[in-house]
Number of protein chains: 2
Amino acid sequence: MNAGVDDRRSTILRAIIEAYIDAAEPVGSAYLASLPGMRVSPATIRNVMSALEGEGYLHQPHTSAGRVPTEKGYRRYVDELMTSADPGPDRAGQVQGFFAKAHQEIEELLSSTTHLLTRMTDLAAVVTGPSAHRARIVSVQLVALSSRTVVVVVVDANGSVEKRTIVWPGEVDSGQLADIGNALTAHFREREVRDVDSPPRFEDPELDKLGAYAFVAVREAVRDAERDGVFIEGASRIAASFGAVETVRDVISILERHYLVVTLMRSLLSRGQGVAIGSEHGVSSLRECAVVVAPYSVDGVEVGTIGLIGPTRMNYASAIGVANLVSENLSRRLSEG
Amino acid sequence: MNAGVDDRRSTILRAIIEAYIDAAEPVGSAYLASLPGMRVSPATIRNVMSALEGEGYLHQPHTSAGRVPTEKGYRRYVDELMTSADPGPDRAGQVQGFFAKAHQEIEELLSSTTHLLTRMTDLAAVVTGPSAHRARIVSVQLVALSSRTVVVVVVDANGSVEKRTIVWPGEVDSGQLADIGNALTAHFREREVRDVDSPPRFEDPELDKLGAYAFVAVREAVRDAERDGVFIEGASRIAASFGAVETVRDVISILERHYLVVTLMRSLLSRGQGVAIGSEHGVSSLRECAVVVAPYSVDGVEVGTIGLIGPTRMNYASAIGVANLVSENLSRRLSEG
DNA sequence: CCTTGGCACTCGGTAGACTTGATTGCTAAT
DNA sequence: ATTAGCAATCAAGTCTACCGAGTGCCAAGG
């Protein structure tokens, strides 16, 4: 079925990569020959390894060492050699159980989903909230904080609430605020935010001006929401994967810059890639890392992403399996009702 | 003025600690004797160091090494020996400039304050949001998400917005929701949340039941808010401070558990401590860390905390100075208007 | 032509011996 | 009480030797 899976070169490459993922140490021909499925002698294996190295799939740290996979090797493994990423019924059950008991609040749901991911894979996990631009706004309200400041509160159909505090251009009048809130609610209601690009119109020119002002605040609130709804957890889990403290610091430093991580994941998805290995994603501080992404959907529309970040020698099969599994369950959970 | 500052033992202890904070290497008698203020010979200094070690202020890693401060040594330094924690006019200007340009949104303000702290000190920084229980609620609104679910949206006087999604006990009626929202707003308005412990009363028994139900949601929203308004940043900055990757992982793992950090800081403040060193705070994973805390106030009432976390050999004077400076500026910023 | 056993070769890592240098504690002189 | 001098200690660096894992290559065998 899968081209190349059964010829010897591929079998050996796969065995090397799996052994390396397992033990994090260079893999030698003698060990490979001792594996149950292997019917050839170490010498033959050495010939094959030498060829694989020539093609760039393996690397030898020094003459008297075994082989280590290169980025190209991992790539081939992920694309062709890896055995199905089925996470197994126990893990499936664990995830289903989690979503069955999950909390109402969407932020808590996403945050604990991140926790679930990092616990199941021992990798750093990322979950981005449903894109606020694609959400449907259910309510807009203006609340006076003082005689000069007003909070614009926006509730969307996912149940997430955004707000923006603004300096009111004039004296606050609670009747006006209510009118504008109602008009904005009616204006946005049942349309995706990104499709609404002009403010509602009012008869009264004074109201019209204020309404346009509040309209801008709504759009800004939605824009802010894109940035806030990002959950990252598990930096500590991958700390031990890297030898140099330097690398640990670089990686954690990136994980602290949420928007950068989100940008990275989005750009991978938009290129249709589910896995980026080492330098493929172009973030130099993460050159010793691999990233696994999966989108999730609400009512059939992809609105958010799930990601896992770990060392290039992560267990890809497990990571991809869990990411997909969680993505499916999360999509189902958010689409119901 | 400060008992013990001028006798020789104290001078030497202070010099050792400051040198160690600076260079992270054991300090020897020859180096100390070469310091400008020091008028005695290495031999004399050795006698003093030996005495200080006997009293538990210093520790010698091995026979032919210099001395390193113990927790007790740092404690004495912070309590008695440290020279004033005045951060200097340039830093004061930097902080003032920051708050002058700071953003409206309270969450963004606190988040960027955390960023400011970690940048200025190169330590991990924590800022907890103003206690929601002490805030005054300005508005409560009920928004229908579907025929069975309702979002209760709470706006407080700080401009922060909390929400809680609940399953509505009955068919949603938008008129009822508005009435209940208005009643709750009036009920909570201008009182601290923690002082309101009974729901508003309604004539209609149906409304009364629903009102009590929504009232519970408001309280839960406020409780959740305590947990959400925590900002931690700078884990990567202190990664390089620890030799063992193991330690790095432990520390970062604690920093990822926000509520634990908040509990720690609160318990320090409630005991009136501004600094906890090493094992003093009782969190074993942070035994190689010190924590500096400072409360901040809104309108004269302490409502939140600022914290800095770093290795025990952090620069205490700088950390305490910056924490206090930022605390003052943040208090002023949040109290105005 | 592919596979395999044999064998020389390479090189990282470990262990031991030795040296160096930093730093101390002690003692006796000031 | 202070200090100079001095022997003692010990981590860290250097050098050497050696071991062992693992390779590459060659020649023999299927």
Side-chain angles (χ1 to χ4, degrees), chain A residues 4 6-70 73 243-245 313, chain B residues 4 6-13 15-70 73 243-244 313:
Chain A
D6 17 63
D7 69 31
R8 186 154 66 208
R9 297 237 321 273
S10 301
T11 310
I12 289 178
L13 180 54
R14 191 173 76 204
I16 292 175
I17 291 176
E18 286 172 357
Y20 188 69
I21 285 174
D22 216 50
E25 274 173 15
V27 184
S29 58
Y31 169 75
L32 289 170
S34 78
L35 289 177
M38 211 63 71
R39 296 261 156 65
V40 289
S41 76
T44 308
I45 293 176
R46 283 203 287 280
N47 289 332
V48 177
M49 291 202 295
S50 180
L52 288 169
E53 180 168 15
E55 291 168 82
Y57 295 114
L58 296 177
H59 169 73
Q60 201 174 13
H62 56 87
T63 320
S64 69
R67 299 313 206 286
V68 160
T70 60
V245 179
R313 44 162 277 275
Chain B
D6 17 63
D7 69 31
R8 185 154 66 210
R9 296 237 321 274
S10 301
T11 310
I12 288 178
L13 179 54
I16 292 174
I17 291 176
E18 286 173 356
Y20 187 70
I21 285 174
D22 217 48
E25 274 173 13
V27 184
S29 58
Y31 169 75
L32 289 170
S34 79
L35 289 176
M38 211 63 70
R39 296 259 157 65
V40 289
S41 76
T44 308
I45 293 175
R46 282 203 287 279
N47 289 331
V48 176
M49 290 202 298
S50 179
L52 287 169
E53 180 169 13
E55 292 167 80
Y57 295 114
L58 295 177
H59 168 74
Q60 199 173 14
H62 58 86
T63 320
S64 70
R67 298 317 206 283
V68 161
T70 60
R313 44 161 277 276

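Values below: every heavy atom of this structure, side chains too, minus hydrogens, waters and symmetry copies. Proteins get letters first, then strands, A, B, ... in listed order; numbering begins at 1 in each.
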d([atom1], [X]; [atom2], [N]) in whole Å:
| X | N | atom1 | atom2 | result |
| --- | --- | --- | --- | --- |
| Met49(B) | dT24(C) | CE | C1' | 8 Å |
| Asn47(A) | dG24(D) | CG | P | 9 Å |
| His59(B) | dT23(C) | NE2 | P | 16 Å |
| Gln60(B) | dG25(C) | CD | C1' | 10 Å |
| Leu32(B) | dA22(C) | CG | P | 16 Å |
| Ile16(A) | dT23(D) | CD1 | C1' | 13 Å |
| Arg67(A) | dC11(C) | CZ | P | 14 Å |
| Arg9(B) | dT2(D) | CZ | P | 13 Å |

Does [X] reach the side chain of [Y], with side-chain heavy atoms less than 4.5 Å apart?
| X | Y | value |
| --- | --- | --- |
| Ser50(B) | Gln60(B) | no |
| Met38(A) | Ile12(A) | yes |
| Leu32(B) | Met49(B) | yes |

Examine the base of dG6(C) for any acceptor or donor lying under 3.5 Å from a partner atom in the side chain of Arg46(A), and report the outcome as yes or no.
-> yes
Look at the side chain of Ser64(B) against the base of dC10(D) and say whether a donor-acceptor pair falls under 3.5 Å; ignore hydrogens and angles.
-> yes
Do any side-chain nitrogens or oxygens of [X] fall under 4.0 Å of OP1 or OP2 in [N]?
| X | N | answer |
| --- | --- | --- |
| Thr44(B) | dT3(D) | yes |
| Ser29(A) | dT23(D) | yes |
| Thr63(A) | dC9(C) | no |

Is it true that atom CD of Glu55(B) has more than 12 heavy atoms of other residues, nucleotides or ligands lying nearer than 6.0 Å?
-> yes
What does Ala65(A) touch in the nucleic acid at a heavy-atom separation under 4.0 angstrom: a base, only the sugar-phosphate, or nothing?
-> sugar-phosphate
5'-most contact on DNA chain D (nearest-nucleotide basis), His62(B) vs Ala43(A), goes to His62(B)
Contacts of Pro61(B) and Pro42(B) projected onto DNA chain D by closest heavy atom; the upstream (5') one is Pro42(B)
Worked verdict on Leu58(B) versus Leu13(B) for side-chain contact (heavy atoms from CB on, under 4.5 Å) = CA-CA 8 Å; Leu58(B) 295 177; Leu13(B) 179 54; 3.8 Å; yes
When the nearest nucleotide of DNA chain C is assigned to Tyr31(B) and to Arg39(A) on a heavy-atom basis, which residue is associated with the more 5' position?
-> Arg39(A)
